[in-house]
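Notes for the one structure printed next.
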Amino acid sequence: MSNINKIKVVVLGGAEVGKSAVTVRYLTKRFIGEYSSSSDFLYRHSVTFDSVTTEVEIMDTSKCAKTGCLYEHIRWGDAFLVVYSICDKSSFADAEDYLQQLSKLKLPSYYTALLLGNKRDLDHSRTITVNEGQELSLKFACQFYEVSAAESFAGVSLAFQSFLREARSVQLLRALPIRRKLGVNSVSKVLGNIFGKNTKDRKKRPSLSI
């Protein structure tokens, strides 16, 4: 299968934010609350948009993503799901750090990112507001959703579908002949206009608490 029909997703986030729970919930509809692993897991999945099937590889990263493996993960991936817990301020700081690293290591508009606040079912213990999540997503021009992997498959599925659809669209646009004619900077501007990565369009980015 050509690279134009493959999306490599990297799931990033601090410890105990629910990276694996979110990933497995999306892939199997099941919720598994306890994971203990020091290894990365690679899942393969297929999605169909507009009658075209795309292979998706999802790398569920371990704690090593915060140490020596982050650079390799970012180089490998096309799309990045950055997860934090709405009950944990340090995980939110981790999420901002991951988004910052992405912006430094990947060319503008050559990747897709989604900021995902998890554990919405624990709203009574919330320390990160919806507005704070939205503001961080605006800062890095990425999609933002709040979900509960524990309570809702529908919310997780909607977030993933929106995320993967954008990743697929970015890949298709990059493959157009316009890229060769206009160069990287011009393509970045075109993608920005379409997906809201320019400052004036940032408020149009998908954002939902579900």
So which atom in Phe163 and which in Leu81 form the shortest heavy-atom distance, rounded to 0.1 Å? CZ-N, 3.9 Å
With a 3.5 Å distance limit and no angle check, can you tell me whether Ser148 reaches the backbone of Glu151 through a side-chain donor-acceptor pair? yes
Hey, are the side chains of Leu116 and Val22 touching, using non-hydrogen atoms and a 4.5 Å cut-off? yes
Donor-acceptor check, side chain of Ser157 to backbone of Ala154, threshold 3.5 angstrom: yes or no? no
Could I get the full list of side-chain hydrogen bond (donor to acceptor under 3.5 Å, both in side chains) partners for Thr127, not counting sequence neighbours? none
Looking at Asp88 and Arg126, is any side-chain nitrogen of the basic one under 4.0 Å from a carboxylate oxygen of the acidic one? no
With side chain to side chain contact (heavy atoms under 4.5 Å, CB included) as the criterion, how do Tyr145 and Leu115 come out once you've worked through the C-alpha distance, each side chain's angles and the decisive distance to 0.1 Å? CA-CA 7 Å; Tyr145 286 89; Leu115 177 65; over 6 Å; no
State, to 0.1 Å, how close Ala113 and Leu99 come at their nearest heavy-atom pair, and which atoms those are. CB-CD2, 4.3 Å
How long is the straight-line distance from CD1 of Ile7 back to CD of Glu55, given to the nearest 0.5 Å? 10.0 Å
How long is the gap from CD1 on Ile58 to OH on Tyr43, to the nearest 0.5 Å? 9.0 Å
Measuring from atom OG of Ser91 to atom NZ of Lys19, what distance do you get when rounded to the nearest 0.5 angstrom? 10.0 Å
If I take atom SG from residue Cys142 and atom CG from residue Leu102, how far apart are they, to the nearest 0.5 angstrom? 9.0 Å
Which distance, rounded to the nearest 0.5 Å, do you find between the OG of Ser90 and the CG of Asp97? 12.0 Å
Of all heavy-atom pairs linking His73 and Val10, the shortest is O-CG2, 3.5 Å
Over all atoms of both residues, closest heavy-atom pair of Gln161 and Phe49: O-CZ, 3.9 Å
Could you tell me whether a side-chain N or O of Arg25 sits under 3.5 Å from a main-chain N or O of Ala150, the two making a donor and an acceptor? yes
Does a side-chain N-to-carboxylate-O contact under 4.0 Å join Lys139 and Glu96? yes
Would you name the heavy atoms of Thr53 and Ser46 that are closest together and state the gap between them? CG2-CB, 4.0 Å
Check whether Ser103 reaches the backbone of Gln100 with its side chain - one donor and one acceptor, N or O, closer than 3.5 Å. yes
State, yes or no, whether a side-chain contact exists between Lys89 and Ile128 at a heavy-atom distance under 4.5 Å. yes
What distance separates Gln171 CD from Tyr111 OH, expressed to the nearest 0.5 Å? 15.0 Å
Shared hydrophobic cluster for Val52 and Leu173 (ILVMFWY, side-chain gaps under 4.5 Å): no
State, with a plain yes or no, whether a side-chain heavy atom of Tyr84 is found less than 4.5 Å away from one of Asp94. no
Just checking, is any N or O donor in the side chain of Ser62 or Asp40 under 3.5 Å from an acceptor N or O on the other one? yes
Has Lys119 got a side-chain atom pairing as donor or acceptor with Ser85's backbone, closer than 3.5 angstrom? no
Pair Glu57 + Arg44, salt bridge at N-O below 4.0 Å: yes
Would Val11 and Met59 satisfy side chain to side chain contact (heavy atoms under 4.5 Å, CB included), going step by step from the backbone distance to the final call? CA-CA 6 Å; Val11 184; Met59 177 74 73; over 6 Å; no
Passes side chain to side chain contact (heavy atoms under 4.5 Å, CB included), Glu166 versus Gln143? Steps please. CA-CA 9 Å; Glu166 179 174 336; Gln143 293 190 39; 2.8 Å; yes
Spell out, yes or no, whether Leu158 and Phe153 are grouped together once hydrophobic residues are joined by side-chain heavy atoms under 4.5 Å, including indirect joins. no
Do Leu105 and Arg75 come within less than 4.5 Å of each other through their side chains, counting heavy atoms only? no
Close side-chain approach of Gln134 to Leu136, heavy-atom, < 4.5 Å: no
Evaluate Phe80 against Leu12 for side chain to side chain contact (heavy atoms under 4.5 Å, CB included), listing each step before the verdict. CA-CA 7 Å; Phe80 300 86; Leu12 298 169; 4.2 Å; yes
Taking ring pair (Phe, Tyr, Trp, His ring centres under 6.0 Å) as the definition, give me every residue that meets it alongside Tyr26, ordered by chain and number, with sequence neighbours left out. His45, Phe160
According to side-chain hydrogen bond (donor to acceptor under 3.5 Å, both in side chains), who are the partners of Glu135, at least two apart in sequence or on a separate chain? none
Kindly indicate whether the side chain of Val24, heavy atoms from C-beta on, has any atom under 4.5 Å from the side chain of Phe31. no
When you measure from the side chain of Asn118 to the backbone of Ala149, do you find a donor-acceptor pair of N or O atoms at a distance under 3.5 Å? yes
Donor-acceptor check, side chain of Lys106 to backbone of Ile74, threshold 3.5 angstrom: yes or no? yes
Between Asp50 and Arg165, does the salt bridge (charged side-chain N to carboxylate O under 4.0 Å, His left out) criterion hold? Intermediate values first, please. CA-CA 10 Å; Asp50 305 320; Arg165 182 176 286 276; 3.7 Å; yes
Taking all atoms of both residues into account, what is the closest heavy-atom pair of Arg120 and Ile86, and its distance? CA-CD1, 3.7 Å
Sub-3.5 Å donor-acceptor pair from the side chain of Thr54 to the main-chain atoms of Asn5, do we have one? no
